[in-house]
There are 2 protein chains.
Amino acid sequence: MIELDKINSKILHELESNGRISNTDLALRVGLSASACLRRVQELERTGIISGYRAKLDRSKLGGNITVFVMVGLSEHLKKDARAFEEAMITAPQVRECHNITGSVEYLLRVEVSNLSSYKEFHAEVLGTQSQVSSITSYISLGSPKDMRA
Amino acid sequence: MIELDKINSKILHELESNGRISNTDLALRVGLSASACLRRVQELERTGIISGYRAKLDRSKLGGNITVFVMVGLSEHLKKDARAFEEAMITAPQVRECHNITGSVEYLLRVEVSNLSSYKEFHAEVLGTQSQVSSITSYISLGSPKDMRA
DNA sequence: ACTGAAACACCCGTTAA
DNA sequence: TTAACGGGTGTTTCAGT
């Protein structure tokens, strides 16, 4: 847990809304010289507060319109089994989120596919090939009254 | 809905995992010249398929932000009860996402709070005051091996 | 402040309708 | 022949020291 001053908060706020802003522009906006600003950004990256950058895509323009939440239980609770499962989820493009959770099952996935047969394929080819998976429960999203994803 | 060729898919895939890759490196990875690659990226931005770029922040390092997924079942399945519940979720600032799902329960929530006592308060004051709520199951997030939220 | 590298605008060559 | 697309070049701007 790290303490942030006002300038670092501003830096994070700017980078959150525009991850491709140039260091020069960012420095202007937060009121620092370019070099001082760069040092802060690199420090934030080094400490992992900024854990990466990514493009935000509009998936409704790409045909990925069905969202399914999947609860996954593992039969083995060894670290290597968990790692293997996580690796498979990271690799699978249909998996948008993979959360390790407390409770009766180990993982909650958010899966996005273009239609139900694609989901069936994901179910069989991705989840079905993981030997350590002991339970799968799928919840198809019927809509999202609220969605404030960052 | 827009048709993507193989190269554009590759570009999107790269930018999704590394939104700050240089155009030069991106061009190398997708097998184009820098200028051709830049044209494609700008076209993707112009058409809105790429709707922005953002830094991914690790909120756990910024003051103990806790994410809880909550499955909520309703006792009444009337439209007005569902509406009332959804209204309450929209109003509650702790609720980041509220999804209506198929299956044994009606809703899946993503709740973000600063600590467990805040969650307890949410549980009691927000969920506990909704008379139509018949079941609440909380899953605390222990971490997210993958999180590609848009 | 300085240097190498990247972004960007511009022009040319090729191909296919 | 012209529209679409990839490649190359020069100038401006940036990142990093």
Side-chain angles (χ1 to χ4, degrees), chain A residues 1-65 90-91 93 96 112 114 149-150, chain B residues 1-62 146-150:
Chain A
M1 177 145 153
I2 291 141
E3 205 48 56
L4 293 180
D5 62 14
K6 219 152 197 177
I7 292 179
N8 275 358
S9 300
K10 242 176 152 181
I11 288 176
L12 292 180
H13 185 255
E14 292 294 333
L15 286 176
E16 214 178 357
S17 56
N18 181 4
R20 280 204 108 164
I21 189 173
S22 75
N23 180 64
T24 316
D25 286 354
L26 181 60
L28 272 176
R29 292 200 180 211
V30 302
L32 285 180
S33 73
S35 55
C37 183
L38 184 64
R39 249 182 291 120
R40 279 172 180 262
V41 171
Q42 288 174 336
E43 176 71 6
L44 290 167
E45 289 169 350
R46 203 186 51 72
T47 55
I49 293 178
I50 296 175
S51 58
Y53 299 89
R54 61 168 170 254
K56 188 184 154 200
L57 306 186
D58 184 344
R59 290 184 178 274
S60 70
K61 293 192 173 150
L62 297 173
N65 40 12
I90 289 167
T91 305
R96 305 292 306 163
E112 285 186 16
S114 52
R149 277 178 292 169
Chain B
M1 183 147 150
I2 291 142
E3 204 47 57
L4 293 180
D5 62 13
K6 218 153 197 175
I7 292 178
N8 276 356
S9 301
K10 245 176 149 178
I11 287 176
L12 291 179
H13 186 255
E14 292 293 335
L15 285 177
E16 212 176 2
S17 56
N18 181 4
R20 277 203 112 165
I21 188 174
S22 76
N23 181 65
T24 316
D25 284 355
L26 180 60
L28 272 175
R29 291 198 182 211
V30 303
L32 284 182
S33 73
S35 55
C37 183
L38 184 63
R39 265 197 303 273
R40 278 172 178 263
V41 170
Q42 289 174 335
E43 176 71 6
L44 290 167
E45 290 169 350
R46 202 185 53 73
T47 56
I49 293 179
I50 296 176
S51 58
Y53 298 89
R54 57 184 33 160
K56 190 182 155 201
L57 306 186
D58 184 343
R59 289 177 185 283
S60 70
K61 294 197 172 145
L62 293 176
K146 186 176 191 177
D147 192 343
M148 310 281 281
R149 274 179 293 167

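Remember, it's a predicted structure, so these values are computed and weren't measured experimentally. Protein chains get the first letters and strands the later ones, always in sequence-line order, with residue 1 at the start of each.
- For dA7(C), one of the phosphate oxygens OP1 or OP2 lies less than 4.0 angstrom from a side-chain nitrogen or oxygen of Thr24(B).
- Note on Lys146(B) versus Glu16(B): no salt bridge recorded, every NZ/NE/NH1/NH2 to OD/OE distance being 4.0 Å or above.
- On a pure distance criterion of 3.5 Å, no polar donor-acceptor pair joins the side chain of Arg39(A) and the base of dG16(D).
- A distance of 11.5 Å separates CD of Gln42(A) from OG1 of Thr47(A), quoted to the nearest 0.5 Å.
- Asn18(B) contributes atom CG, which lies 8.5 Å from atom CG of Asp25(B) (distance to the nearest 0.5 angstrom).
- Distance, Leu26(B) CG to dA5(C) P: 19 Å, rounded to whole Å.
- Using a 4.0 Å heavy-atom cutoff across all strands shown, Ser22(A) reaches sugar-phosphate atoms only and no base atom.
- Leu38(B) comes within 4.0 angstrom of a base, heavy atoms only.
- Between Glu45(B) atom CD and dA7(C) atom C1' there is a gap of 12 Å when expressed in whole angstrom units.
- Straight-line distance from the CG atom of Asn23(A) to the P atom of dC14(D): 10 Å, rounded to whole Å.
- Between the CG atom of Asn8(B) and the P atom of dA4(D) there is a distance of 15 Å, given to the nearest Å.
- Residues Leu57(A) and Leu15(B) fail the side-chain proximity criterion, which asks for heavy atoms closer than 4.5 Å.
- Among dG16(D), dG6(D), dA7(C), the nucleotide with an atom closest to any side-chain atom of Gln42(A) is dG16(D).
- Atom CG in Asp25(B) sits about 8 Å away from atom P in dA7(C), given to the nearest Å.
- dC8(C) atom P lies 15 Å from atom CD of Glu43(B), rounded to whole Å.
- A salt bridge is absent between Arg40(A) and Glu43(A): the closest approach of a Lys/Arg side-chain nitrogen to an acidic carboxylate oxygen does not fall below 4.0 angstrom.
- Rounded to an integer number of Å, the gap from CD1 of Ile21(B) to P of dA7(C) is 10 Å.
- Rounded to an integer number of Å, the gap from CD1 of Ile7(B) to C1' of dA4(D) is 14 Å.
- In terms of position on DNA chain D, the residue among Ala34(A) and Asp5(B) whose nearest nucleotide sits closer to the 5' end is Asp5(B).
- Residues Arg20(A) and Ser35(A) both approach DNA chain C. Their nearest nucleotides, taken by heavy-atom distance, put Ser35(A) toward the 5′ side.
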